Amino acid sequence: MSKNEEVTPLDFIRQTIANDVAAGKNQGRVVTRFPPEPNGFLHIGHAKSICLNFGVAGEYPGGQCNLRFDDTNPLKEEDQYIQSIRTDVKWLGFDWQEHLYYASGYFEQLYQFAERLIQDGHAFICELNVEQMREYRGTLTEAGRASPWRDRPMAESLELFRRMRAGAFPEGRYTLRAKIDMASPNINMRDPVIYRILHAHHHQTDDQWCIYPTYDYAHCISDALEEITHSLCTLEFEDHRPLYDWILDRLEGVVSCHPQQIEFSRLVLEYTVVSKRKLNALVRSGVVDGWDDPRMPTISGLRRRGYTPAAIREFCRRIGISKTPNNVELSLLESCIRDDLEQHAPRAMAVLDPLKVVITTIAPDHCEELSASNHPQNPELGSRTLYWTQEIIIERDDFAENPPKQFKRLVPGGEVRLRHAYVIRCDEIIKDPNSGAIIELRCSHDPSTLHANPADRKVKGVIHWLPLHRSQPAEIRCYETLFNTANPDEAWQGDDFTRLINPNSLQILSHCRIEEGLQNLPAGTIYQFERQGYFCVDSRYSRTDHPVFNRTVGLRDTWGKQQNKSS
RNA sequence: UGGGCCGUCGCCAAGCGGUAAGGCCCCGGAUUUUGAUUCCGGUAUCCCCAGGUUCGAAUCCUGGCGGCCCAGCCA
């Protein structure tokens, strides 16, 4: 490999898997799974897991990644989430092929295995209620006490378990517990509940069941039944691995596969929260207009904002996989979307805050067709026609009556180039006699400057513009971070999060103008509005007679940065 | 202060006993009809700290310090 080739080193999980494959473990197969619970929308943190699981599987011939809904708690889950999760995973560019599964699809087997555990003396029916169980569990520093039902005869537990399934008892009356070790320093091993009674309708199994397995019990067995080779999950499940292994060890001979669980640290992204509870609170409070609000870190929010699957995948590649507690800067995400859009987004012009300019050197009925390329580096994106007319508009802050140092735009008596058009000189400022506000500029143009720079002088600035009458009105929505603090998760206390909300997170500019031809684009279409940023047609509010664009991300702005520093 | 895990540049992150990759951010400079892009160049004598082993340690050992996770019949 040559020196200047970029080499992405394997993360520790990929190293482990590569070693396993090389050693012929699992007959060299690589099978992973992405196991969301259908109780909410997928977010950027899930994207990390999706990219890892599907990504790794895709790196091996015959590699496979299952999409499995971890639907063991009917109280929290809904079918609509299943649909949105499928949509989002596909949109991200991944394919589970025929491997779509549900933990609920294994309920019968799970039940049979539970009977087996009881028969083997590894599980018992307990009658402690929630409070009692908490008491018996002990604390982090003190061992727990055995349940009085721990030594219930096997046959009695089995009988009770069967009656539980038959619906003979109310919720909470009994639980099935694994018989492990109440003195374990690992609280997960203190006889954890593996089945509970829930008289609830399940979105997949209807009313077939009134007992449901817990995550710890169902997850490892589901993995094993699917012959997962590497079960990748986040760090908070590290303490559950002994239980994962314990259950599969007890079922050896009945379940032939024992996947290896490996944990990695979950994504923490500046200025965002991803807990379902908090995301939900934002939606319910009306601070955002739904799960797909462009300020939300959900996949659907990012999509509506204009983020591309490729950019999100690249982001996940760049953040890497490790066990280090992390706090990724937003600038990394932004860099990924800029890199993608820089190459692919066609260019156009839009004026967000118009200032009228009259070109005094051409006739009122003058309309000249100018050709403008759609991408400075990629001619394949073609070109379009711009109309050079007497009345045009420019961005209000591209003119300064009293310019700051280094200002390269239009100033009284100064010249500036209009992008794809001529060099103009500002000859006169028209102000509102009452307010003193600038309402119009009168400029002359230099006809020799269309595709050439003047020979005798240097014009340093280039600004964007639009013909007043041959442009269209549009609404443009500019976003900032939803929160005013980089670590909203820490700052979030109780449910009073309103003080954490950035009042400028959404700015609606309703008097913008865009090029003709941009008012009837399909939702999601992305353009770069030159000198400003990347914008995409909003999927909820945009209509032909009222185009709405979302600013995905601004262009890198060294001038603005400089200004901020000096002010 | 029970158990588990983690500590390498502002933020991610390689490194696996042979003398600190890369990306993002940042700072210079060149090119530019986007103050964009692109392009060059700069940015850890040091790897949480202290000892030790070794010809040689970010990597091994010992002891500290700091951070995260766990006491749901959630996942």
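Residue numbers begin at 1 in each chain, while the letters A, B, ... track the order of the sequences. Fair warning: this is a prediction, and the values are worked out from it, not measured in the lab.
Closest to the A/Asn73 side chain, of the nucleotides B/A75, B/G35, B/U34, is B/A75. Nearest to the side chain of A/Asn327, among B/G4, B/A75, B/C12, sits B/C12. In the set B/C24, B/A75, B/A13, the nucleotide with an atom closest to the side chain of A/Arg196 is B/A75.
Seen from the ring of A/Phe124, A/Arg177 does not count as a face-on cation partner, given the 6.0 Å and 45° thresholds. Annotation: cation-pi pair A/Arg33/A/Tyr101 absent, no NZ/CZ under 6.0 Å from the ring centroid and within 45° of its normal.
The base of B/U34 sits within donor-acceptor range of the side chain of A/Gln528, with an N or O pair under 3.5 Å.
For the segment residues 130-137 of chain A, residues with any heavy atom less than 4.0 angstrom from an atom of RNA chain B are, sorted by number, A/Val130, A/Met133, A/Arg134, A/Arg137.
In this structure, CZ in A/Arg338 is found 5.0 Å from CZ in A/Arg556, a value given to the nearest 0.5 Å.
Rounded to whole Å, the C1' atom of B/C70 lies 46 Å from the corresponding atom of B/C55.
Between A/His219 atom NE2 and B/C74 atom P there is a gap of 17 Å when expressed in whole angstrom units. At whole-Å resolution of the value, CG in A/Leu269 and C1' in B/C24 are 12 Å apart.
Shown here are the salt bridge (charged side-chain N to carboxylate O under 4.0 Å, His left out) partners of A/Lys76, two or more places apart in sequence or in another chain: there are none.
In this structure, B/G72 shows a glycosidic angle within 90 degrees of zero, which is the syn conformation.
With the nearest nucleotide of RNA chain B identified for both A/Leu555 and A/Ala421, A/Ala421 has the one nearer the 5' end.
For the OP1/OP2 pair of B/U1 and a distance below 4.0 Å, the side-chain nitrogens and oxygens of A/Thr141 include no atom meeting the criterion.
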